[in-house]
Structure formats: C-alpha cells, structure tokens
Enquirer: 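Dumping the structure here so I can ask a few things about it.
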Number of protein chains: 2
Amino acid sequence: MNLSKTSKYAFRILVHMAKDEKALYSAQQLHQNIDVPERYLRRLLTDLSKSGFIKSIQGRQGGFIFARDISTITLLQIVESVDGLDSINECILGYDSCAFDYSCPMHDVWAETKMKIIDTLTKTSLKDIHNNRLEDF
Amino acid sequence: MNLSKTSKYAFRILVHMAKDEKALYSAQQLHQNIDVPERYLRRLLTDLSKSGFIKSIQGRQGGFIFARDISTITLLQIVESVDGLDSINECILGYDSCAFDYSCPMHDVWAETKMKIIDTLTKTSLKDIHNNRLEDF
DNA sequence: GTAAAATACTACAAACAAGTAGCATTTAAT
DNA sequence: ATTAAATGCTACTTGTTTGTAGTATTTTAC
C-alpha cells in the first residue's frame, strides 16, 4: 500500500467538507482550515471535481460542494482516483506478475493484512467518519 | 503506510537470501535472480550491511551473508532501516501532531487496520517466509 | 458595465526518489 | 607480482512528485 501525500491531502479536504455535507466551501476557506499549500489545494479541488466527488461553482460566490451523497464515497474510491488502484493493490515485493499467474514468496504472509486494508478502505465512506477530540482539522 | 520501491527491493533481496540462510551471495548472483537494477542493488546491499542484517565479505570470493539468525530479522526492522519508522507509523492524513496530543478525524476508523499492519510486520521474520508455487523469485 | 472574488488552465520550479558511472579498495587464484 | 572478481565510496543523472506562478474565465455585487 502506497498512499501519496496528495491522497492524504484529498482525504483532508473531503473529510473536512463532510463535517457539513451540504455546505459550499471556497478554496480559501478550506486552505484556512486544513494544512495544504493553497495553489496545490486548488489544483487538487479541480481534480476532485473532475472525478465526480464534488462539483465546482464558478464566479464570485463560488466554491465546491459534494456532487453526490457522502455515504456513497468510499476511501478506496478517493485513493483510486488520486493514486490509482495499483497503489493499494500492488504486490508487497513490487512484482507485476504477482497476483495474476503466480504469487510471490511473501504473498501468503501478507494476504490477510492486505485484505484488511482493502476491506477497511472499501467499507468506510465519508459518512462513516466522525470527528473526535478536536474540531480544528 | 508507505513502502518505498527501495524497501520492496530490500525485501526481495533478503527474502531470496533467506531461502538458503547460510549461503554466501554475490551481488551479481542476486542480480541474476531478482529484478533490481545492478548498481542500485549493490548500493542497497552495502546499506543492508551497515544496518547489520547481512555482512559483506570483500575480495575475490566475497559476497554477502546473513549477519544474524534470520528468525531475529523482522519485516518491520527492514522497513524501518530503509524508509524509517515514520513511513509505517504516519497518520493516514499525514498530520504530524496526530498520535501525540490528539487524533485526527480518521484516527478511529483507521486504528485497527494500522494495528494489523504493524502487528504483521512485527511478527513476521525472514524465517517465517516460505516460498510457494514458484522458485524463481 | 466595471470591479471583485471565485475557479480553470498550463507551464514552470523545487525537492525527493531512483538509477547510473567511475574509480578505489580488498582478496584469492594463478 | 599480476590479474580477476568481488565490495566501497562518492558524485552525477534521470524521473516523479510536490509546490508555485501567471493568466484566463466565470459570475455576482454595486
């Protein structure tokens, strides 16, 4: 499993937005609340729009708002759209051939853990994430 | 969890060597058996020597051999020496502060999976890895 | 209709990871 | 001794990811 910094940023954005599911967030507003470089954040927001998680509203009172119900957006979908499925699914030894026609020496040892990772990412939607302790993330 | 390509290479090397625990392997020999760029492999072997997993024997009949019993070498130790512990332990949102004084919004959702990952890496030694199906890794 | 506040696009820059090259050193075979 | 085969060191090159900048476009307030 390989979670890029950009995927982590995407999580931060969408998890933050999920706190008030129906609200409209401007890039600036998000930047003030989560620690992601402003220009990079804006580019990422555009990408997340194109992926269909959120939609952008242009113009003076514009911003970003969820494009579909947050109970239908899973963590796996987010990683998949940013990093690609391979980043999660890849063999722990990095062998391309593993998992198709044969398995690598570490396959069995790692299989259960990998399953657990994929299972959690698949089953957890943005709706399932609740803030605890602090509100300032 | 973030496993660099280099960590995967390290796994390949050590897992391969573990097939014949007491044998001496030259860089060239390893290169012929596992798919890692030759010069990069050699540099990595030197690093793994310095980390104390293997020891190098210089000179004409030289090579690399395990420096300690492979039952004492865990996967976590290997990742730790190559990528650092942070790569495993890092918060899924990438927040530095998470896990110290407070927890991020995804902390609870991810905690169990993270535990599983660390647990598996901690409990699995090179001795525990057995080859299955194919021998040519 | 003009200005302000927002997103969109595209190119560039910096930082980091991965891979390569040259030469030095060590040791064994001959 | 000389040569061959191995590792050790250090610098360089390439590729990828992350971050920045400039300018265009869209829409609302006035």
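Chain letters run A, B, ... following the sequence lines, proteins first and then strands; every chain starts at 1.
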Enquirer: As a test of understanding, state which of H16(A), K8(A), R12(A) forms a side-chain contact (heavy atoms from CB on, under 4.5 Å) with V36(A).
Expert: R12(A)
Enquirer: How long is the line joining CG of L44(B) and P of dT7(D), in whole Å?
Expert: 13 Å
Enquirer: Counting only side-chain nitrogens and oxygens, does S56(B) get under 4.0 Å of the OP1 or OP2 atom of dT7(D)?
Expert: no
Enquirer: How close or far is atom P of dG19(C) from atom NZ of K8(B), stated in whole angstroms?
Expert: 11 Å
Enquirer: With nearest nucleotide decided by heavy atoms, which residue, F64(A) or S4(B), maps closer to the 5′ end of DNA chain C?
Expert: F64(A)
Enquirer: Of the candidate nucleotides dT20(D), dT7(C), dT20(C), which contains the atom at the shortest distance from the side chain of R39(A)?
Expert: dT20(D)
Enquirer: Give the nucleotide from the list dT20(D), dT20(C), dT26(D) with an atom nearest to the side chain of P37(B).
Expert: dT20(C)
Enquirer: Does the pair D119(A)/K123(A) count as a salt bridge with the N-to-O cut at 4.0 Å?
Expert: yes
Enquirer: Should K5(B) be listed as having a side-chain N or O under 4.0 Å from OP1 or OP2 of dT16(D)?
Expert: no
Enquirer: Return no unless some side-chain N or O of T46(A) is found under 4.0 Å from OP1 or OP2 of dT7(C).
Expert: no
Enquirer: When the distance from CZ of R60(A) to P of dA6(C) is rounded to whole Å, what number comes out?
Expert: 8 Å
Enquirer: Measure the distance from CG on L48(A) to P on dA8(C) and round it to the nearest whole Å.
Expert: 11 Å
Enquirer: Side-chain N or O of Y9(A) versus OP1/OP2 of dT18(D): is the shortest distance under 4.0 Å?
Expert: no
Enquirer: From CG of N2(B) over to C1' of dT18(D), roughly how many Å is that when rounded to an integer?
Expert: 14 Å
Enquirer: Rounding to a whole Å, what distance do you find between D83(B):CG and dC16(C):P?
Expert: 15 Å
Enquirer: Could you give the CD-to-C1' distance, from E38(A) to dG19(D), as a whole number of Å?
Expert: 12 Å
Enquirer: Please work out if Q28(B) contacts a base, only the sugar-phosphate, or nothing of the nucleic acid, heavy-atom cut-off 4.0 Å.
Expert: sugar-phosphate
Enquirer: Choosing from dT27(D), dT3(D), dT20(C), which nucleotide comes nearest the side chain of Q58(A)?
Expert: dT27(D)
Enquirer: Do we see a donor-acceptor contact under 3.5 Å between the side chains of Y40(A) and T6(A)?
Expert: yes
Enquirer: Ring of F64(A), cation from R42(A) - is the NZ or CZ under 6.0 Å from the centre and inside 45° of the axis?
Expert: no
Enquirer: Regarding S49(B), tell me which of base, sugar-phosphate or nothing describes its non-hydrogen contacts under 4.0 Å with the strands shown.
Expert: nothing
Enquirer: Just jot down the side-chain contact (heavy atoms from CB on, under 4.5 Å) partners of R68(B), sequence neighbours excluded, or say none.
Expert: F53(B), T72(B), I73(B), Q77(B)
Enquirer: If you check every side-chain atom of R43(B), which of dA28(C), dA6(C), dT10(D) has the closest atom?
Expert: dT10(D)
Enquirer: Identify which nucleotide among dT28(D), dT18(D), dT3(D) has an atom closest to any side-chain atom of Q61(A), counting heavy atoms from C-beta outward.
Expert: dT28(D)
Enquirer: Taking all atoms of both residues into account, what is the closest heavy-atom pair of L121(B) and T74(B), and its distance?
Expert: O-CB, 3.7 Å
Enquirer: Roughly how many Å is it from OH in Y40(B) to P in dC9(D), rounded to a whole number?
Expert: 17 Å
Enquirer: Given dC9(C), is OP1 or OP2 found less than 4.0 Å from the side-chain N or O atoms of K50(A)?
Expert: yes
Enquirer: Would you say the base of dG19(D) and the side-chain of R42(A) have a donor-acceptor pair closer than 3.5 Å?
Expert: no
